[in-house]
Amino acid sequence: MKRFLAVLLAFIIMSLSLPVYASDYEGHWAENEIGYLVENGIVNGDAQGVRPEAYITRAEFAAVINRNFNFNTPASEGFKDISEKDWYYKDMLFAKEAGYMVGDDNGYCNPNKNITRAEAATVYYRLLKPE
């Protein structure tokens, strides 16, 4: 009985750590592309799904970029507006170390603010560094 409970507990714990594979993008015009990103662990979604028509925050964008480019080295110093209790803490440190998110003049990165197209374009410019 103890072995059964141990196996059951292990299964529950492992399933809690698995990424969310939502199907809320089925029928979406970008279904194939989103499916590819989900299947490859670049986009995980959340309890509400992938939400393909929703805005994306700067922190969510950083998480996607980090998974896509395999950034996992944290900066030694963070931004003023993040703390270790934030789900995106490590992702913002990875983004800062990778150099694609630098923050504003006051040291803030505004992680919960929706990212604009101009900001996203700047991120990609910094990542791709055209010659």
Side-chain angles (χ1 to χ4, degrees):
M1 181 66 164
K2 286 184 182 180
R3 184 175 178 173
F4 171 76
L5 290 176
V7 170
L8 180 62
L9 181 60
F11 176 77
I12 291 170
I13 290 171
M14 288 183 344
S15 67
L16 291 176
S17 65
L18 292 174
V20 176
Y21 292 107
S23 61
D24 65 333
Y25 58 88
E26 290 178 5
H28 188 272
W29 64 266
E31 178 179 354
N32 292 336
E33 292 79 4
I34 295 169
Y36 174 84
L37 295 172
V38 169
E39 289 170 13
N40 288 283
I42 297 168
V43 173
N44 294 334
D46 59 20
Q48 298 174 344
V50 175
R51 299 177 292 138
E53 294 297 323
Y55 291 104
I56 185 168
T57 66
R58 294 169 55 83
E60 292 167 336
F61 192 73
V64 170
I65 294 295
N66 291 337
R67 286 191 294 267
N68 190 40
F69 287 86
N70 296 312
F71 293 134
N72 57 15
T73 303
S76 58
E77 186 178 316
F79 295 103
K80 290 182 179 180
D81 54 346
I82 63 172
S83 72
E84 290 184 34
K85 65 179 174 52
D86 297 321
W87 71 264
Y88 46 76
Y89 180 72
K90 286 185 179 180
D91 278 307
M92 297 312 290
L93 292 181
F94 298 158
K96 186 175 184 180
E97 179 65 20
Y100 68 85
M101 284 201 179
V102 297
D104 62 21
D105 292 339
N106 297 313
Y108 297 101
C109 66
N110 302 303
N112 294 309
K113 180 182 167 195
N114 292 334
I115 194 162
T116 66
R117 286 182 284 187
E119 291 168 335
T122 300
V123 165
Y124 281 113
Y125 178 84
R126 290 177 180 152
L127 289 170
L128 302 176
K129 296 179 177 108
E131 298 298 320

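We count residues from 1, following the sequence as given. Computed from heavy atoms alone, side chains included, the values below leave out hydrogens, waters and symmetry copies.
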Minimal non-hydrogen separation, [X] against [Y], with atom names:
{"X": "V43", "Y": "R67", "value": "CA-NH2, 4.2 Å"}
{"X": "D81", "Y": "P111", "value": "OD2-CD, 3.3 Å"}
{"X": "F71", "Y": "F94", "value": "O-CD1, 3.5 Å"}
{"X": "E119", "Y": "N114", "value": "OE1-O, 3.9 Å"}
{"X": "M101", "Y": "M92", "value": "SD-CE, 3.6 Å"}
{"X": "K129", "Y": "R126", "value": "CG-O, 3.1 Å"}

Exercise for the section: Report, as yes or no, whether the 6.0 Å neighbourhood of atom CZ on F69 holds more than 12 heavy atoms from other residues, nucleotides or ligands. Expected result: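 Counting other residues, nucleotides and ligands, CZ of F69 exceeds 12 neighbours.
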Problem - Pairwise distance CG(D104) to NZ(K80) - rounded to 0.5 angstrom - result: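 Reported value, rounded in 0.5 Å steps: 8.5 Å.
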Handout entry: Euclidean distance, I82 CD1 relative to N112 CG, rounded to 0.5 Å
Key =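 So the gap between those two atoms works out to 11.0 Å.
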Is there a path from [X] to [Y] through hydrophobic residues (I, L, V, M, F, W, Y) whose side chains come within less than 4.5 Å of each other?
{"X": "Y89", "Y": "V102", "answer": "no"}
{"X": "Y36", "Y": "V50", "answer": "yes"}
{"X": "W87", "Y": "I56", "answer": "yes"}

[X] versus [Y]: any side-chain heavy-atom pair under 4.5 Å?
{"X": "Y100", "Y": "N66", "answer": "yes"}
{"X": "F61", "Y": "V64", "answer": "no"}
{"X": "Y55", "Y": "K113", "answer": "no"}
{"X": "T57", "Y": "Y88", "answer": "no"}
{"X": "F79", "Y": "N110", "answer": "no"}

